[in-house]
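Along the sequence shown, the residues carry numbers beginning at 1. Hydrogens, waters and symmetry mates are skipped; everything else that's a heavy atom, side chains included, is used.
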Amino acid sequence: MVRIEVVTWANRKQYRVVLERYFRIRYDIYVKRRQWRAVARPINIEMDAFDTEHAVYLLAFDRAGKIVGGSRLVPTLQPHLLGNVFPGLAPDGAPRAPDIFEWTRFFVSPALRTHGGSSPVAGVVLCGVLEVARKLGIRQISVVCESFWPKRLRALGWSFAELGDVLQHEDGDIVALLIDVTPEAIASTRRAYGIDGPILADAAV
């Protein structure tokens, strides 16, 4: 059983140790394993300019309390990846609104990934992203993602618009999407992963 908990500026103190572990996991995944040179630092913690008091973190825990997945949401009225680093991915302008957040840093523990299919933990985190967004009144989420994601999200029944062309980047081909946060997307994702109902921990948001 995997549960999702949400960390914000308001409750960050009770998650201080967990957040440090989370940033170390991000370093292991993005710097050591995926070799994203742009986020490399001389310490074993991966943080960027958007890990601010405005960030909302989704942490997936297993029964033993170990972090097995995670993600991040950032309000688009604040500095964010698409608007401030990759504006060229959205030639008509990065979407910005109080009810549009950016989705970044999605990951699943390498030990739980499956070959030839998507990990069940990925389904929990994906449902968590949509459930948290709905609870926070977020209407859409923008994302800068690898070019294979549109096909994957369509297969899950997500509705979205591609904001521009694919960009060849040193860390992999990327594209920008604007995703609708809908009950239908949550329901279809649950069906795809065999999830019976909400996966947020009690009082997670």
Side-chain angles (χ1 to χ4, degrees), residues 3-61 65-90 94-110 121-122 124-126 128-133 135-138 140-146 149 169-172 174-179 181 200-201 204-205:
R3 71 184 189 279
I4 293 284
E5 296 190 19
V6 179
V7 182
T8 66
W9 187 253
N11 66 358
R12 71 194 184 285
K13 289 184 180 179
Q14 70 190 70
Y15 285 94
R16 181 179 57 82
V17 175
V18 171
L19 277 177
E20 181 178 342
R21 196 185 321 149
Y22 161 78
F23 289 122
R24 291 187 183 280
I25 292 171
R26 277 179 31 178
Y27 180 89
D28 178 66
I29 290 173
Y30 295 112
V31 179
K32 292 179 67 176
R33 294 175 182 270
R34 303 186 67 174
Q35 298 186 336
W36 283 10
R37 292 180 289 275
V39 298
R41 298 291 184 273
I43 57 174
N44 294 340
I45 287 177
E46 192 276 296
M47 297 180 71
D48 64 16
F50 313 117
D51 288 303
T52 70
E53 68 269 26
H54 305 291
V56 177
Y57 300 101
L58 286 75
L59 305 180
F61 295 91
K66 180 180 178 182
I67 298 175
V68 293
S71 204
R72 179 182 68 180
L73 294 168
V74 175
T76 57
L77 292 184
Q78 299 295 327
H80 61 288
L81 191 65
L82 177 58
N84 295 80
V85 180
F86 295 110
L89 287 173
R96 297 178 186 266
D99 57 358
I100 300 177
F101 276 50
E102 182 176 66
W103 171 35
T104 52
R105 294 301 191 267
F106 168 87
F107 71 85
V108 172
S109 172
V121 177
V124 171
V125 178
L126 290 170
V129 168
L130 294 175
E131 288 183 26
V132 170
K135 286 205 170 188
L136 293 177
I138 297 170
Q140 293 177 306
I141 49 178
S142 61
V143 61
V144 175
C145 57
E146 292 95 336
W149 271 98
H169 186 263
E170 63 179 355
D171 292 324
I174 55 177
V175 65
L177 310 177
L178 184 62
I179 300 165
V181 177
L200 293 183
V205 179

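Proximity of a side-chain donor or acceptor of R96 to a complementary backbone N or O of T76 within less than 3.5 Å is detected. Using modelled atom types, no side-chain atom of R21 and backbone atom of V18 make a donor-acceptor pair closer than 3.5 Å.
Within the 4.5 Å cutoff, the side chain of D51 has heavy atoms near those of the Y57 side chain. Two residues are said to be in side-chain contact when any heavy atoms from C-beta on lie closer than 4.5 Å; W103 and L126 meet this criterion. Using a 4.5 Å heavy-atom threshold, the side chains of L58 and V125 count as separate. The shortest distance between side-chain heavy atoms of C145 and V175 falls below 4.5 Å. Between F50 and R105, the closest side-chain pair of non-hydrogen atoms is not below 4.5 Å. For the pair V121/S109, no side-chain contact is recorded, criterion being any heavy-atom separation below 4.5 Å from C-beta on. Contact annotation: the side chain of I67 approaches that of F61 to within less than 4.5 Å [non-hydrogen atoms, C-beta and beyond].
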Practice problem: For the pair R24 and E20, evaluate salt bridge (Lys or Arg N to Asp or Glu O under 4.0 Å) and give the outcome as yes or no after the intermediate values. | Solution: CA-CA 6 Å; R24 291 187 183 280; E20 181 178 342; 3.2 Å; yes
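By the 4.0 Å N-to-carboxylate-O rule, E131 lies too far from K135 to be salt-bridged with it.
A distance of 10.0 Å separates CG of L177 from CH2 of W149, quoted to the nearest 0.5 Å. I141 contributes atom CD1, which lies 11.0 Å from atom CD1 of I100 (distance to the nearest 0.5 angstrom). Here the straight-line distance linking atom CG of L200 with atom CZ of R3 works out to 12.0 Å at 0.5 Å rounding. Of the inter-residue distances, the one linking L19 atom CG with Q14 atom CD reads 10.0 Å to the nearest 0.5 angstrom. Taking CD1 from I174 and CG from L89, the interatomic distance works out to 5.0 Å, rounded to the nearest 0.5 Å.
P75 is linked by a side-chain contact (heavy atoms from CB on, under 4.5 Å) to H54, Q78, F101, counting only residues two or more places apart in sequence or in another chain. With sequence neighbours excluded, the residues forming a side-chain contact (heavy atoms from CB on, under 4.5 Å) with T104 are R72, L81, E102, listed by chain and number.
Counting all heavy atoms, side chain and backbone alike, G83 lies closest to A94 at CA-CB, 3.8 Å. Residues I4 and A60 come closest through the heavy atom pair CD1-CB, 3.7 Å. Nearest heavy atom pair, residue L82 against residue A90, reads CD1-CB, 4.3 Å. Here the shortest heavy-atom pairing between T8 and N11 reads N-OD1, 2.7 Å. Contact record, N84 with P79: OD1-CA, 3.2 Å, taken as the closest heavy-atom pair.
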